[in-house]
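The next block holds one structure in the form of structure tokens; read it before the comments.
Along the sequence shown, residues are numbered consecutively beginning with 1.
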Amino acid sequence: MILTLLNIADYLPALGILDRSHIYCGKMPDKKEKCICVYNLSGSREKRETIGGDQNSSYRVKPVSLLVHWDKSSERTEIAADKLYEAVGNIKNADMEGKRVLFARLLTDSPVDVGTDENDIYEMVIEAEFYYERKERKENEV
């Protein structure tokens, strides 16, 4: 079973920053203030090689980009993005709809400022890789 953008979006409210109604995946159709969107991280990556082939790998990696679309204050946007950055960096052994995420690896030293959108709303991006178990967890497994 793969870890999807929707699995990650559904988990993010547990981090205590926003409720699910302000978290999107793939696109932001109405661009509300104070929202987060989860995207597949673009760009090519080197394929991970496992001795004996992929069937012998115990984990997979989901690279994502988290867009923090906040408000017209650069400072408030930076604070919100940093809070999410820290929370994502602290993910360990999380259950995301039956998939065990071992940890999230942040790919930059801090959230990246990407400026403002057409409505002067500040945005920042967090790039991360989610490392998760290949097998799906059963409800009675701890």
Side-chain angles (χ1 to χ4, degrees), residues 1-71 73-119 121-142:
M1 234 14 189
I2 66 167
L3 182 67
T4 66
L5 295 179
L6 184 58
N7 298 141
I8 295 169
D10 286 345
Y11 178 80
L12 289 180
L15 300 178
I17 297 163
L18 288 175
D19 64 36
R20 184 63 179 90
S21 68
H22 285 82
I23 299 172
Y24 301 93
C25 52
K27 65 180 180 174
M28 290 188 302
D30 53 5
K31 282 192 145 184
K32 298 176 188 174
E33 282 193 18
K34 297 183 180 173
C35 65
I36 297 168
C37 190
V38 184
Y39 296 96
N40 284 307
L41 188 57
S42 61
S44 62
R45 292 187 168 43
E46 191 172 311
K47 183 173 176 0
R48 213 174 36 84
E49 295 295 332
T50 305
I51 295 174
D54 284 342
Q55 68 274 13
N56 291 320
S57 175
S58 62
Y59 69 93
R60 294 182 74 180
V61 180
K62 176 71 171 179
V64 301
S65 177
L66 303 168
L67 176 68
V68 178
H69 174 87
W70 212 248
D71 65 18
S73 164
S74 62
E75 182 180 28
R76 286 191 300 266
T77 302
E78 187 175 5
I79 290 168
D82 192 62
K83 186 176 179 184
L84 179 61
Y85 180 90
E86 292 297 324
V88 169
N90 287 324
I91 292 173
K92 306 262 186 302
N93 295 314
D95 182 23
M96 294 189 188
E97 298 183 19
K99 292 144 196 94
R100 182 175 174 209
V101 174
L102 305 169
F103 63 94
R105 179 176 165 256
L106 298 165
L107 302 179
T108 59
D109 288 339
S110 62
V112 177
D113 184 351
V114 293
T116 59
D117 71 357
E118 64 278 0
N119 297 313
I121 303 297
Y122 283 89
E123 298 179 324
M124 297 190 88
V125 171
I126 298 164
E127 295 181 348
E129 293 176 330
F130 287 75
Y131 286 71
Y132 65 99
E133 287 183 340
R134 283 178 57 91
K135 68 177 181 118
E136 190 164 345
R137 298 180 74 198
K138 295 185 172 92
E139 285 186 32
N140 59 357
E141 287 183 333
V142 176

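Rounding to the nearest 0.5 Å places CG of Leu84 at 5.5 Å from CG of Leu66. The distance from the CD1 atom of Ile121 to the OG atom of Ser74 is 12.0 Å, given to the nearest 0.5 Å. Taking CD from Glu33 and CH2 from Trp70, the interatomic distance works out to 10.0 Å, rounded to the nearest 0.5 Å. Here the CD1-NZ distance, from Ile17 to Lys83, works out to 5.5 Å after rounding to the nearest 0.5 Å. From Met96, atom CE reaches atom CG of Leu3 across 6.5 Å, with rounding to the nearest 0.5 Å. The CG atom of Asp117 sits 7.5 Å away from the CE atom of Met28 when rounded to the nearest 0.5 Å.
Counting only heavy atoms from C-beta outward, the side chains of Pro13 and Ile23 approach each other to under 4.5 Å. Looking at Ile91 and Phe130, their side chains come closer than 4.5 Å, going by heavy atoms from C-beta outward. Looking at heavy atoms from C-beta onward, Asn93 lies out of side-chain contact with Val101 at the 4.5 angstrom threshold. Looking at heavy atoms from C-beta onward, Thr108 lies out of side-chain contact with Ile126 at the 4.5 angstrom threshold. Residues Leu18 and Leu12 have side chains not in contact (no heavy-atom distance under 4.5 Å, counting atoms from C-beta outward). Annotation: side chain of Lys34 is in contact with side chain of Asp71 (closest heavy-atom distance under 4.5 Å).
Within 6.0 Å of CD on Glu123 lie more than 12 heavy atoms contributed by other residues, nucleotides or ligands. Counting heavy atoms of neighbouring residues, nucleotides and ligands inside a 6.0 Å radius, atom CG of Asp109 does not exceed 12 of them. Counting heavy-atom neighbours within 6.0 Å of Lys27 NZ, excluding the residue itself, gives a total of 12 or less.
Within the 3.5 Å criterion, the main-chain N or O of Thr4 finds no donor-acceptor partner in the side chain of Lys99.
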Report task. May I have the step-by-step check of side-chain contact (heavy atoms from CB on, under 4.5 Å) for Leu107 and Leu41, ending in yes or no? Result -> CA-CA 11 Å; Leu107 302 179; Leu41 188 57; 3.6 Å; yes
Query raised in the report: So Glu78 and Asp113, side-chain contact (heavy atoms from CB on, under 4.5 Å) or not? Walk me through it.
Result: CA-CA 8 Å; Glu78 187 175 5; Asp113 184 351; over 6 Å; no
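Take Asp82 and apply the salt bridge (Lys or Arg N to Asp or Glu O under 4.0 Å) test, not counting sequence neighbours, and it matches no residue.
Annotation: ring pair (Phe, Tyr, Trp, His ring centres under 6.0 Å) contacts involving residues 15-35, sequence neighbours excluded, are absent.
Of all the heavy atoms in Cys25 and Ala9, the pair that sits closest is CB-CB, 4.2 Å. In plain terms, the two heavy atoms of Tyr39 and Gly26 that are nearest each other are CE2-O, 3.1 Å. Nearest heavy-atom pair, Ala128 versus Val88, reported as atom, atom and distance to 0.1 Å: CB-CG1, 4.2 Å. Asp95 and Gly98 make their closest contact through OD1-N, 3.0 Å (heavy atoms, listed as atom of the first residue, atom of the second, distance). Of all heavy-atom pairs spanning Ala80 and Val68, the tightest one is CB-CG1, 4.5 Å. Shown here for Tyr122 and Ser73, the closest heavy-atom pair between the two residues is CD1-C, 3.7 Å.
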